[in-house]
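In the text below, chain A, chain B and the rest are named by the order of the sequence lines, each starting its count at 1.
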Protein chains: 2
Amino acid sequence: MISRTRLTTVPREVKAAVVTAHPSLFNNAWINGVTMPFERNVEIFGEGEPAEYVYKVLNGSVRTYKVLSDGRRQITAFFLAGEIFGLESDGEHSYSAEAIDKATILVIRRCGMFSAAESNGEIAHQLWALTAAELKRSQNHALLLIKTAKERIAAFLLDMAQRLEGNGYVELPMSRQDIADYLGLTIETVSRTLTSFSEGSTIQFMGSRRIVLRNRSELRELNA
Amino acid sequence: MISRTRLTTVPREVKAAVVTAHPSLFNNAWINGVTMPFERNVEIFGEGEPAEYVYKVLNGSVRTYKVLSDGRRQITAFFLAGEIFGLESDGEHSYSAEAIDKATILVIRRCGMFSAAESNGEIAHQLWALTAAELKRSQNHALLLIKTAKERIAAFLLDMAQRLEGNGYVELPMSRQDIADYLGLTIETVSRTLTSFSEGSTIQFMGSRRIVLRNRSELRELNA
DNA sequence: CGTATTCTTGAGCGACTTCAAGTATGGTGG
DNA sequence: CCACCATACTTGAAGTCGCTCAAGAATACG
């Protein structure tokens with residue numbers, strides 16, 4: 001519809017140099033952090049608290065969210081093993097974070113990271129690229145929220161499949177309520193939509209949180 | 001419907017003397033860009049195109065947006081005078097940008113910015129902080145999209161008032177359709193809601209795009 | 001001054017929510 | 001290992017907010 005390619009004289013940059021899929025940041029020996037275990041549903045940090053650390057999920061999974069005064073909750077993102085969260089420019093967190101299940105988190109001091117970035121351009125660039133990637137994800141999330149319920153669920157399933165599929169199925173760590181709050185739907189709509197996908201053989205349940213994707217192309221079409 | 005004209009080459013002669021509002025980034029003499037004029041509804045860059053530049057609005061206003069295959073459009077953000085957009089980590093833009101009205105844009109090469117950031121930790125930090133601020137805004141936008149129509153409009157009005165109120169009123173540069181696509185509503189709902197605010201003396205129209213906020217606390221309460 | 005565009009208004013409809021049970025599931029102590 | 005309970009998930013029926021379709025009014029522009 002609107003895509004036309006534009007002629008340019010400057011060759012495209014080497015992508016690999018800029019985008020590291022799952023960034024090696026925090027693998028560097030000289031950035032030292034501590035690993036901390038968190039039980040299911042335990043808060044890692046709260047909205048409004050001073051942001052002194054940055055976090056990397058070693059195993060388990062995490063949700064970040066904002067709540068409105070009347071209790072409505074918007075989950076801004078899920079973070080799975082290997083992913084980094086808590087990067088914020090302000091001195092305080094603008095959202096809360098909780099462990100979805102038993103999780104191990106690597107906790108790194110912000111100031112240590114900054115000074116590392118200061119002295120090392122490569123680190124600084126990675127830090128920025130990571131934040132920019134997060135921004136992109138957030139924008140896609142907003143795009144998700146204008147879609148229909150079926151489309152949102154389809155997009156969610158494809159996303160989760162890509163991030164944590166193994167042995168032919170997807171094992172969701174989060175509850176229906178979490179999914180609902182991520183997709184801006186009610187828990188009933190999530191449940192009903194999943195049931196309808198199951199009845200149409202688009203997916204197959206092996207327990208309520210273990211799902212086999214049987215018809216990806218249909219999900220992809222819904223993903224518009 | 002929306003005309004698409006496009007730049008192919010960037011003229012070198014013009015050099016901007018930049019006066020700015022917000023971030024001091026791009027005020028530095030050694031980052032050189034060129035100012036370009038854009039007519040109303042003209043595309044600045046398109047989704048999927050190589051991202052070679054970063055942009056700063058000198059005057060006028062800009063919308064960035066994504067479109068779904070069936071034409072639904074999500075405006076991800078509005079950028080007003082002094083604000084910076086187009087910062088992306090990937091080699092290509094993940095959204096499109098258009099001038100809302102006659103706008104003047106400062107266009108800066110990405111690579112120049114990166115090398116500046118490389119050699120100057122302060123620049124690198126500003127670049128990151130700017131991206132992180134954008135992320136925060138995007139997350140707040142997602143939060144907006146779970147609210148009711150009235151709440152979304154209230155939040156929008158307060159946001160716009162803060163960013164461009166003058167002489168006691170807000171002069172909106174964007175159409176009702178733009179507002180609708182930003183808030184995930186239809187144009188009719190936007191219009192109806194504004195009318196109801198007006199009837200309740202929460203706001204007052206001085207022309208369809210010129211609005212006086214008469215009852216901010218009510219708008220703030222709606223902002224939950 | 002006429003035409004195109006933008007904005008408003010109305011009526012009916014539909015997707016998702018709300019309210020209300022009912023059914024699995026999983027963890028715990030006996 | 002089973003019985004129990006709490007939690008998580010599903011299903012149904014009715015309601016509602018925002019959408020769709022359809023005109024009509026206001027505004028901008030040549």
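Taking atom CG on B:Asp181 and atom P on C:dT6, their separation rounds to 13 Å, with Å as the unit. When the C1' atom of C:dG27 is taken as reference, atom CG of A:Asp101 falls 16 Å away, rounded to whole Å. Remark: P of C:dT6 and CD1 of B:Ile179 are 13 Å apart, rounded to the nearest angstrom. Atoms NZ (B:Lys102) and P (D:dC29) sit 11 Å apart, rounded to a whole Å. The separation between B:Leu144 atom CG and D:dG18 atom C1' is 15 Å, rounded to whole Å. Rounded to whole angstrom, the span from the CG atom of B:Leu145 across to the C1' atom of D:dG18 amounts to 14 Å. Following rounding to the nearest Å, A:Ile153 (CD1) and D:dT10 (P) show an atom-to-atom distance of 11 Å. Distance CG (A:Leu172) to C1' (D:dC9): 13 Å, rounded to an integer number of Å.
Distance check, rounded to the nearest 0.5 Å: CD1 of B:Ile211 to CG of B:Leu172 gives 4.5 Å.
Side-chain contact of A:Asn215 with A:Ser201: a donor-acceptor pair under 3.5 Å is absent, judged by distance alone.
Near DNA chain D, meaning a heavy atom under 4.0 Å from it, residues 195-213 of chain B has no residue at all.
A cation-pi geometry, defined here as NZ or CZ lying under 6.0 Å from the six-membered ring centre and within 45° of its normal, does not hold between B:Arg109 and B:Tyr55. For the pair A:Arg63 and A:Phe78, the cation-pi criterion (under 6.0 Å, within 45° of the ring axis) is not fulfilled.
Residue B:Arg40 places no side-chain N or O under 4.0 Å from the OP1 or OP2 atom of D:dC29.
Comparing the end axes of the helix from C:dC1-D:dG30 to C:dG30-D:dC1, each fitted to five base pairs by superposing C1' atoms of four pairs onto the next four, gives an inter-axis angle of 50° (nearest 10 degrees).
Shown here are the side-chain hydrogen bond (donor to acceptor under 3.5 Å, both in side chains) partners of A:Ser198, two or more places apart in sequence or in another chain: there are none. A:Asp90 is linked by a side chain to side chain contact (heavy atoms under 4.5 Å, CB included) to B:Lys136, counting only residues two or more places apart in sequence or in another chain.
Using bins of under 30°, 30° to 60° and over 60° for the plane-to-plane angle, the ring pair A:Phe45/A:Tyr95 lands in the tilted bin. Classification of the B:Tyr182-B:His141 ring pair by plane angle, with boundaries at 30° and 60°, yields parallel.
B:Ser175 comes within contact range of the sugar-phosphate backbone alone, with a heavy-atom separation under 4.0 Å but no base atom that close.
Taking a 6.0 Å sphere around NZ of B:Lys66, one finds it holds more than 12 heavy atoms contributed by other residues, nucleotides or ligands.
Residues A:Arg40 and A:Asp101 are not paired through a salt bridge, judged by the lack of any N-O separation under 4.0 Å between the basic side chain and the carboxylate.
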Can you check each nucleotide of nucleotides 13-19 of chain C against protein heavy atoms at under 4.0 Å and return B for base, S for sugar-phosphate only, - for none, in 5' to 3' order? ---SBBB
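The salt bridge (Lys or Arg N to Asp or Glu O under 4.0 Å) pairs that include a residue from residues 162-173 of chain B are B:Glu83-B:Arg163, B:Asp159-B:Arg163, B:Glu165-B:Arg216, B:Glu171-B:Arg210, where partners are two or more places apart or lie in different chains.
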